K.L.:
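Starting off with a structure, shown below.
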Amino acid sequence: MSGSQSSPSPQSDAPAPRVVVLDHGSGNVRSAVRALEAAGADVELTADRQRALGADGLVVPGVGAFAATAAQIRAVGGDRIIERRLAGGLPVLGICVGLQVMFAAGTEHGERAAGLDQWPGEITRLEADVVPHMGWNTVEVPQGSRLFAGIEDERFYFVHSYAARSWELESQPPMPDPLVAWSDHGGDRFVAAVENGGLTATQFHPEKSGGAGTRLLRNWLAGLPRLATRSAAS
């Protein structure tokens with residue numbers, strides 16, 4: 001589906017960046033691991049606190065229901081791991097429901113559940129004639145995005161019935177403004193991706209988005225601090 005040309009792995013002359021995929025019981029984790037490996041990362045699937053805190057990057061996948069995913073993350077201490085990493089400026093990438101749970105709350109089937117509250121706002125059902133939103137879609141990329149560098153006009157694979165349909169976080173100087181990408185389904189506009197300091201997340205599945213998804217993961221990997229990699233090499 002994507003016409004993206006391949007690009008070299010991040011810092012190809014250096015050891016691969018070390019990434020932990022948080023193993024909290026969600027489905028689809030193996031495809032995320034394989035996609036990250038294809039993008040050039042040294043990947044470990046684990047919920048071990050020290051391994052997750054010591055990695056160059058942490059990926060939080062998620063499929064299914066908001067409440068269940070948030071509960072699974074908390075059950076393995078993932079909420080505290082994410083909080084600790086972000087407090088230290090260490091990168092975290094959320095995927096699909098892994099983006100949604102970063103918001104304060106989500107409402108599904110009339111029941112409201114607490115999220116991880118990294119961002120204000122609530123996840124709600126898409127208001128479109130056809131739900132779920134399933135398939136390839138373009139993204140409105142904000143100026144200055146590093147995540148979408150070189151793939152601004154590509155399509156990415158979505159499968160979801162709920163989304164963040166507004167953005168409420170106000171800028172807090174001297175921190176730079178978050179970069180928010182948007183997409184549209186059936187006339188309903190929703191958050192497709194966010195770049196907010198150490199916390200990055202996508203509503204779409206980069207691991208299912210072909211060459212464009214691989215390039216996006218490489219862009220994310222290229223921005224990792226490589227602290228764990230340097231420590232392992234010394």
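These numbers were taken from a predicted model, which means no experiment stands behind them. Side-chain atoms are counted along with the backbone in the values below, which use heavy atoms only and exclude waters and symmetry mates.
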K.L.:
Show the numbers, then the answer: is there a side chain to side chain contact (heavy atoms under 4.5 Å, CB included) between Glu195 and Ser145?
P.N.:
CA-CA 8 Å; Glu195 298 165 71; Ser145 171; 2.6 Å; yes
K.L.:
Show the numbers, then the answer: is there a side chain to side chain contact (heavy atoms under 4.5 Å, CB included) between Val21 and Glu44?
P.N.:
CA-CA 6 Å; Val21 174; Glu44 181 179 6; over 6 Å; no
K.L.:
How would you list all residue pairs meeting salt bridge (Lys or Arg N to Asp or Glu O under 4.0 Å) that involve residues 63-91, not counting sequence neighbours?
P.N.:
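Found none.
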K.L.:
Run the side-chain hydrogen bond (donor to acceptor under 3.5 Å, both in side chains) check on Glu140 and Ser183 step by step: do they pass?
P.N.:
CA-CA 6 Å; Glu140 300 171 26; Ser183 195; over 6 Å; no
K.L.:
Would you mind reporting whether Pro91 and Asp56 have side-chain heavy atoms less than 4.5 Å apart?
P.N.:
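A side-chain contact is absent here, since even the closest heavy-atom pair is not under 4.5 Å.
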K.L.:
Closest approach of Val92 and Trp220, non-hydrogen atoms and distance?
P.N.:
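Between these two residues, the closest heavy atoms are C-CZ2, 4.2 Å.
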K.L.:
Is there a side-chain contact between Phe190 and Asp184 in this structure, where contact means two heavy atoms from C-beta onward sitting under 4.5 Å apart?
P.N.:
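SC-SC contact between Phe190 and Asp184 ruled out.
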K.L.:
Could you pull out all residues at least two apart from His24 that satisfy ring-ring contact (aromatic ring centres under 6.0 Å, His included)?
P.N.:
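Scan of His24 (ring-ring contact (aromatic ring centres under 6.0 Å, His included), adjacent residues dropped) gives none.
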K.L.:
Looking at Ala39 and Thr214, what are the two nearest heavy atoms and their distance?
P.N.:
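Shortest heavy-atom contact: CB-O, 4.1 Å.
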K.L.:
Mind checking what makes salt bridge (charged side-chain N to carboxylate O under 4.0 Å, His left out) contact with Glu122, not counting sequence neighbours?
P.N.:
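For Glu122, the residues satisfying salt bridge (charged side-chain N to carboxylate O under 4.0 Å, His left out) (neighbours in sequence not counted) are Arg112.
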K.L.:
Taking the side chain as everything from C-beta on, heavy atoms only, tell me whether Glu154 gets closer than 4.5 Å to Val139.
P.N.:
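Not in contact.
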K.L.:
Can you confirm whether more than 12 heavy atoms, excluding those of Arg51, are under 6.0 Å from its CZ atom?
P.N.:
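Not buried by this count: 12 neighbours or fewer within 6.0 Å.
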K.L.:
Looking at Trp136, is Arg155 sitting on its ring face, NZ or CZ under 6.0 Å from the six-membered ring centre and within 45 degrees of the normal?
P.N.:
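Output no; distance or angle outside limits.
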